[in-house]
Amino acid sequence: MSGLSALDLRVEHLAEPRGLNTATPRFSWALASERMGAHQTAWRIRVFEVTLGGETLLWDSGRVASPQSQHVPYAGPPLPRDAVLTWQLSVWDETGALSDARPPAPIFTGLRQEDWAGQWIARYFVLPAGREVPADTIYDNRWQARPADYVRRSFAVADRPVRALLYISALGLYEPWLNGQRVGEDVLAPGWTDYHTRVEYQVHDVTDHVVAGENVIGAILGEGWYSGRVGHNQRRAGNHYGGRPALICALHLHHADGRVEIIASDDQWQTRQGPICYSDFLMGEMYDARLALEGWSERPGRLEGWQPVECFVPDPRPPLLEAARAQPVREIARLEARFLRYSASGAALFDLGQNIAGYCALTVFAPAGARFVLRHGEILDGAGELYVANLRHAVATDIFIAAGQGEERFCPRFTFHGFRYVELTLPDGLSPEDVRLSGIAISTATPQTGTLSFGHEMLDRLVSNINWSQRDNFIAVPTDCPQRDERYGWTADAQVFWKTAGYFADCSAFLAKWMLDIADGQSPEGAFPDVAPTKPLNPYRLTPQPGAPGWGDAPIILAWEHWLRHADRELVEAYYPAFERWMAHIGAPNPDFLRRNAVYNNYGDWLSVGPASDRTLVATAYWYRIAHLMEKLANVLGRMSDAARYRQLANAIGDAFRREFLGSDGRLLGDTQTAYLLALDFGLLSGPDRDRAADRLVALITAADGHLQTGFLGVRHLCPVLSGIGRDDLAIDLVLKDSYPSWGFSIGHGATTIWERWDGWTPERGFQSANMNSFNHYAYGSVGEWLWSRLAGIDATEAAPGYRVIALSPWFEPRIGQCEARYRSTRGLVESRWQCGAEGTVSWSVLLPPGTEGQVSLPPNFRLADSAAAMPERLVSGRHEFQLVPR
Ligand code: BGC
C-alpha cells in the first residue's frame with residue numbers, strides 16, 4: 001500500500017462541478033503521506049461516462065511520469081453534453097507504489113447555449129384581455145412590493161426515466177420543486193451576474209423524484225438582485241435589470257432506450273401568486289400561510305386560478321446561459337436564539353451571540369391570522385434596544401402570518417439580513433417560550449481550508465471575526481456588507497482582503513466567477529468598475545462611477561494573489577487583455593506618471609483615522625504597484641517584451657513618485673502611516689530613503705501611542721511592513737492593542753465580526769454617523785494574512801507559486817504563547833504549530849504536503865537547541881519537529 005494518497009479532487013476548482021463551460025476542464029488534487037520526502041512521480045486520469053450499464057471509458061491519459069497535481073487539462077475526445085461523468089485518479093509515489101482515488105461527486109457536463117430547449121417564462125406584465133390583474137401592492141413611493149410568482153406544469157411519462165437531469169435558472173431567484181418536494185439545497189440561486197450579459201444555470205440530478213405517470217414540476221420566483229432592491233440609489237431602488245422575475249428550465253429525461261425526452265419551460269406552464277406577499281433583500285419577506293397553495297407542485301393537470309405564463313425574449317438581449325462557475329450559496333450554520341428581554345415596544349428581543357448574514361427560522365403554534373414580525377439588527381443601542389439606523393433604507397423586517405394549522409415553520413426564501421439580534425413582535429397571548437427561534441447563516445459554500453488558533457482570547461476572537469465577516473459577505477459575490485442598503489461587490493474591499501480570505505477558504509472558483517463579473521463590467525474605454533457585477537450596457541449603473549485607484553486596480557491584484565496561491569495560469573491569461581486595457585486607460589490622462597487624474601472617483605485611503613493621506617500619492621503608489629504586477633503577470637505568460645514595457649512604466653512612475661512626494665528630509669507628502677506603508681511595501685523606496693521611511697513609520701506609530709491610523713488601503717500593509725523592517729515587536733503591539741483605534745477595541749466592545757470603521761462605536765461619541773456604519777465589513781480583517789503568514793509563518797512563494805515551495809517564517813511570541821495553524825492548500829495540508837516553553841524555549845512542528853518544500857527563515861532571535869546543528873534552509877515534505885532556544 002502506497003504511503004501517498006490523493007484527496008480534495010477538483011475539476012475547474014470545484015469538488016462538485018455542475019456543468020462545464022470549457023471543452024478542456026482541468027483536474028487538480030492534493031496529496032497526503034506520513035512519509036518524509038514523499039512525492040508523486042506519476043499520475044493517470046481516467047474519465048468515464050456514467051451510463052445505464054455502468055461506466056464507459058472516455059479518456060485514459062495513461063501513466064504520465066510527472067509531479068504535476070494541479071490544473072491537468074482533459075485531453076480526450078470531445079465531452080458529451082447533458083452527461084454525467086466520473087473520474088479515477090491514480091498516483092504513483094517515489095517508491096513506485098500506486099494509489100487510486102475517486103471524487104465524491106459526479107461531474108455534470110451541462111448544456112451549451114444551443115442545447116437549451118427552454119424559453120424564458122414569467123407572469124404576464126400586461127395580462128391578456130379579460131384576465132384578472134395581479135394584486136401588486138405599492139408599499140411606498142420608492143419600492144413596489146410584489147407577491148412572489150409560482151410557476152408550474154404537469155407532465156406524464158410512460159416509463160420512469162433511468163436518469164433525470166434538471167437544468168434551471170432564473171432572472172431573479174428561484175426555488176425548484178418536483179412532485180411536492182424541494183429540489184436541492186441551493187439558496188438564492190442562480191446568484192448574481194450582470195443579467196444583461198450572462199446568467200448561470202444549475203444542474204440537479206432528479207432521477208429519484210420523477211415517477212412513471214403524472215408528474216408536476218414547478219418553481220417559486222423571487223426578485224433578488226434582478227428586479228428587487230440592491231444598493232443605495234434611491235432614485236431607482238429596484239428593477240435594476242428588469243421588472244419581473246423569470247424562469248428558464250429544461251428537464252432532460254433519459255430513457256433506457258437512449259431517448260431523451262425534454263420537459264422545458266414553455267407556454268404549457270401556469271403561474272399564480274401565493275403566500276409570499278413580497279420578498280426583497282432590503283425590505284424583507286412577508287409570508288401569509290393562509291394563502292399557501294396546497295399541492296401546487298403535486299397536483300396534476302391544470303389548476304383553477306392559475307394563469308398562462310408569458311414566454312418572452314429578455315431585454316435588451318437574451319443573456320448567455322452558462323454553468324455555475326462557483327459553489328452555490330448554502331445554509332452553513334444554525335444558531336439558537338437566546339431570549340434577552342422585552343424591548344420598550346413590548347417586542348421580545350433575542351440574541352444569536354454572533355453577527356451573521358442569513359435569516360431566521362421560526363416555529364410557532366398559533367391561531368389563524370396570528371402575526372409575527374421579525375426585525376433584524378447588528379447591535380443594540382445604549383438603551384439596549386435594537387439599533388437599525390445604520391441599515392439606512394434596508395427595512396430588514398420579515399412578517400409571518402400563521403394559518404392556524406398546528407405547528408408551523410417560517411423561514412424566508414428570497415431575502416437575507418445582516419444581524420445578530422432579532423426583535424420579535426408576537427401576537428397577543430403568546431410569549432417567547434411559545435416559539436422556537438434560530439438564526440441561519442448563509443454563504444457561498446467555499447470549502448473551509450484553514451483553522452488558526454492561539455489559545456489567546458482576543459486573538460482567537462479576531463480570527464473568528466475575520467472568518468465570520470468573510471462568510472457573511474461571500475454571498476454569490478464578495479460584498480462590502482450584508483446588512484444595509486448596499487451589499488455591492490466593492491472591488492477594493494476584496495483586493496485588500498483576498499490573501500486573508502484564501503487561507504480560510506478555497507476561493508479559487510469564487511474568484512473565477514467574480515473576475516468574469518468584473519470583466520463584464522469593464523467599460524468600452526477600459527475602465528474597470530468599482531463594484532461588480534454592474535451594468536455596462538445600461539446608462540443607469542449600480543454605482544455612479546467606475547475605476548477609483550485601489551478599486552479599479554483590484555482585478556490585477558486579485559489575479560496576482562490567485563496566481564501565488566494556485567499557480568493558475570489560465571485565469572491570468574484570460575484576463576490579461578482586460579488588464580492591458582485598464583493600464584492604457586489610466587495611463588492616457590496621466591502622461592507625467594503621477595496619477596493626478598484618477599479618471600473617476602478617488603476615495604484615497606478610505607475611512608482612515610488621523611491625518612488623511614494625499615490621494616494623488618496613494619493613487620500613484622497603486623499605479624506603480626499594478627505596473628509592477630503587470631510585469632510579473634507578463635512574465636508568467638512568457639510575454640517578455642510586455643514585461644519590459646511594464647518594468648519601464650513602473651520605473652517611470654517610481655521616479656515621478658519620488659520626485660513629487662519625497663522630501664529631501666526623507667519624508668513623504670502628508671507624512672502619514674499609509675504613505676510610508678504603501679511606499680515601503682510596494683518597493684518605491686530603496687537604500688537610505690527606505691531606511692528613513694521605515695524610521696519615520698515607526699516614529700508615527702509611536703507618536704500615536706502605538707496605534708494605527710490607516711484606512712482600507714493602508715491597513716493591509718501595516719503588520720507585513722513592520723515585520724519586513726524587523727519590527728515584529730510593533731506589529732504584535734498593534735494586534736494585541738485594545739485601546740482605540742485597534743482591532744482589539746472593537747472586540748472589547750463586543751464585536752463578533754469586523755467593523756467597517758475603527759470608530760463604529762466609541763464610549764465618548766457613541767455610534768458613528770448612521771449614514772455609513774456597518775459592523776460587518778471585512779476590509780480591516782486584512783490583518784488576517786499576517787496572522788497566517790507571519791505568526792503561523794505559512795506563505796506561498798513567488799519563485800514556486802501554488803504552494804510548491806512554501807515559505808515558513810514564523811514569529812514565536814511569548815506574549816501569545818502558542819499557535820496552531822492548519823491550512824489545506826491545493827497541494828495538501830500544511831501545518832505550523834509552536835509553543836513557548838520555559839526560559840524562552842520554543843517547540844515548533846511543521847507538516848508539509850508531499851511534493852512540496854519548505855523554505856525556512858527563523859526569527860533572528862532563535863536558534864536550534866542543539867547548538868551543533870544548523871537549521872536546514874529547505875525542508876522536504878513530511879513532519880518536522882524543532883526545539884529552539886533564544887540566541
Ligand atoms: C462601501 C465600501 C466601499 C466604499 C467606496 C462604501 O459605501 O461600503 O466598502 O469600498 O463605499 O468608497
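Quantities reported herein were computed from a predicted structural model and do not represent experimental measurements. In listed order, ligands and their atoms are each counted from 1.
- In R484, the part holding a heavy atom less than 4.0 Å from any atom of ligand 1 is the side chain.
- Among protein heavy atoms, the minimum distance from atom 9 (O) of ligand 1 is reached at D493 OD2, 2.4 Å.
- Side-chain contact check for W490 versus D530: some heavy-atom pair is nearer than 4.5 Å.
- The distance from the CD1 atom of I379 to the CG atom of N773 is 8.0 Å, given to the nearest 0.5 Å.
- Every N/O-N/O distance between Y603 and ligand 1 stays at or above 3.5 Å.
- Residues R625 and D681 are not paired through a salt bridge, judged by the lack of any N-O separation under 4.0 Å between the basic side chain and the carboxylate.
- Looking at atom 6 (C) of ligand 1, its nearest protein heavy atom turns out to be E486 OE2, 3.5 Å.
- Aromatic ring orientation, Y646 versus Y576: perpendicular (interplanar angle above 60°, classes split at 30° and 60°).
- By the 6.0 Å and 45° rule, R420 does not stack over the aromatic ring of F775.
- For atom 11 (O) of ligand 1, the nearest protein heavy atom (residue, atom name, distance) is W490 CZ2, 3.5 Å.
- Note that CH2 of W551 is 7.0 Å distant from CH2 of W606, once rounded to the nearest 0.5 Å.
- Heavy-atom proximity to H777, at under 4.0 Å, picks out these atoms of ligand 1: 1 (C), 2 (C), 8 (O), 9 (O).
- Within ligand 1, the atoms closer than 4.0 Å to a non-hydrogen atom of E756 are 8 (O), numbered from 1 in the order shown.
- Against a heavy-atom cut-off of under 4.0 Å, F712 is close to the following atoms of ligand 1: 9 (O).
- When heavy-atom distances to ligand 1 are checked against a 4.0 Å cut-off, Y488 has no atom that comes that close, whether in backbone or side chain.
- The aromatic rings of W498 and W514 sit parallel, their planes meeting at an angle under 30°, below the 60° perpendicular limit.
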